Number of protein chains: 2
Amino acid sequence: MRYSQQRQLIREIVTRTNSHPTADWIFKQTKKIIPNISLGTVYRNLKQLEEKGEIDTIYDGNIVRYDWNVESHDHLKCTECGDLIDIHFKHDKFKSIVKRKFKFDANSVEMKIIGTCSKHAKK
Amino acid sequence: MRYSQQRQLIREIVTRTNSHPTADWIFKQTKKIIPNISLGTVYRNLKQLEEKGEIDTIYDGNIVRYDWNVESHDHLKCTECGDLIDIHFKHDKFKSIVKRKFKFDANSVEMKIIGTCSKHAKK
DNA sequence: ATAGTAAATAGTAATCATTCCTATTATTAT
DNA sequence: ATAATAATAGGAATGATTACTATTTACTAT
Ligand SMILES: [Mn+2]
Ligand SMILES: [Mn+2]
Ligand SMILES: [Zn+2]
Ligand SMILES: [Zn+2]
């Protein structure tokens, strides 16, 4: 895989963003630096970066987001502001339970907790 | 909301299917009974049934599925055959942890365990 | 440094799932 | 049975993503 300014910029933008951005948001950011970059280039490179294991794709309902954090982790989804917050849980117990009860070989666990975040606390 | 043959048929098909069917699969099934039903009718009714709380929408990666089981539950996703299997876990512990550590008010928890199901057991 | 090559891009067209639109049909209250 | 109007069929529109292709760019060997 050959170097390209576009891919490097996309990589940097995703890497310094904690908000699990969408392809379109990333596209808008890249355009500030490379005004004639095309949306197809953003999609193609996001897919390649995922294939290389540099980033993860996250399906937030029907919205596709990207995550620089490729370590297994979970998310809190706020229904008020839409934010997706990282959180880390241990899932070994669940993996062993499904192995015993369903003979299911678990590779990974994804957990999403839906609710309202601290920004909207009642006074 | 007025009765319609189409909605009733869609409701019955979803209710007797455990495989978390897609809109298109449901459409094909309904066409066996009402050959000139339209795909828009299927989508419109699935949305209405969800709004009435009769069914749930499930986002399986980028695939949208429907579930007659509206009680909170989790899923095992088999990467070999694509099956989505129901499983029920208690999540109270997680809800209290995020409340304490993040002041996050949890309403519901969705958990997906990815791996291979018993159908593909090594001999 | 120069030239050859193949990868990557920009711009645009195509695809796919879903939603929207509207003339017609079906259901329900009277 | 009739009137009112909710629901449908069929097709157009939308939005996100992918595919196509002529041109540009990065790397390699001279
Ligand atoms: Mn994350
Ligand atoms: Mn289910
Ligand atoms: Zn929030
Ligand atoms: Zn399987």
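Everything numeric here is computed off the predicted structure, so don't read it as measured data. Side chains included, hydrogens not; waters and symmetry mates left out as well; all remaining heavy atoms used.
Summarising the geometry, atom CG belonging to B:D86 is positioned 8.5 Å from atom CG belonging to B:L76; distances are rounded to the nearest 0.5 Å.
Straight-line distance from the CD atom of B:Q8 to the P atom of C:dT28: 12 Å, rounded to whole Å. When rounded to the nearest whole Å, the span between CD1 of A:I10 and P of C:dA8 equals 12 Å. When the P atom of C:dT18 is taken as reference, atom CH2 of B:W25 falls 16 Å away, rounded to whole Å. Atom pair A:I33:CD1 and C:dT9:P shows a separation of 17 Å (rounding to whole Å applied). One can place CZ of B:R2 at 16 Å from P of C:dT25, the figure rounded to the nearest angstrom. Taking atom CG on B:D24 and atom P on C:dC16, their separation rounds to 11 Å, with Å as the unit. In this structure, the CG atom of A:L46 is 11 Å from the P atom of C:dT9, given to the nearest Å. Between B:Y43 atom OH and D:dG15 atom C1' there is a gap of 13 Å when expressed in whole angstrom units.
Side chain of B:M1, nearest nucleotide from D:dA7, D:dG10, C:dT5: D:dA7. Of the candidates C:dG11, C:dA8, D:dA7, the closest approach to any side-chain atom of A:S38 belongs to C:dG11.
Put simply, the residue from B:I58, B:D83, B:I85 that forms a side chain to side chain contact (heavy atoms under 4.5 Å, CB included) with B:H75 is B:I58.
For the helix from C:dA1-D:dT30 to C:dT30-D:dA1, the terminal axes (five pairs an end, C1' atoms, rotation from four pairs onto the next four) enclose an angle of 40°, given to 10 degrees.
For D:dT18, the base has no donor-acceptor partner in the side chain of A:R44 [N/O atoms by modelled type, under 3.5 angstrom].
For the pair B:A23 and B:Y3, both in contact range of DNA chain C, the more 5′-proximal nearest nucleotide belongs to B:A23. Heavy-atom distances to DNA chain C give each of B:I63 and B:Q5 a nearest nucleotide, and the one nearer the 5′ end belongs to B:I63.
When heavy atoms are screened at a 4.0 angstrom cut-off, B:I37 is found touching the sugar-phosphate backbone but no base atom. A:N45 comes within 4.0 angstrom of sugar-phosphate atoms only, judged by non-hydrogen atoms across all strands, and of no base.
In this structure a side-chain-to-backbone donor-acceptor pair under 3.5 Å is present from B:H88 to B:S72. A side-chain donor-acceptor contact under 3.5 Å links A:W68 to the backbone of A:T17. Panel note: side chain B:K112, backbone A:V109; no donor-acceptor pair is recorded below 3.5 Å.
For the OP1/OP2 pair of D:dA7 and a distance below 4.0 Å, the side-chain nitrogens and oxygens of B:R7 include at least one atom meeting the criterion. Contact annotation: A:Q6 reaches the phosphate of C:dA10 (side-chain N/O to OP1 or OP2, under 4.0 Å). OP1 or OP2 of C:dA10 sits under 4.0 Å from a side-chain N or O of A:T41.
Residues A:F89 and A:I113 meet the side-chain proximity criterion, which asks for heavy atoms closer than 4.5 Å.
The existence of a salt bridge linking B:R11 and B:E54 is confirmed by a sub-4.0 Å separation between a basic side-chain nitrogen and an acidic carboxylate oxygen. Taking 4.0 Å as the cut-off between side-chain N and carboxylate O, B:D105 and B:K99 count as a salt-bridged pair.
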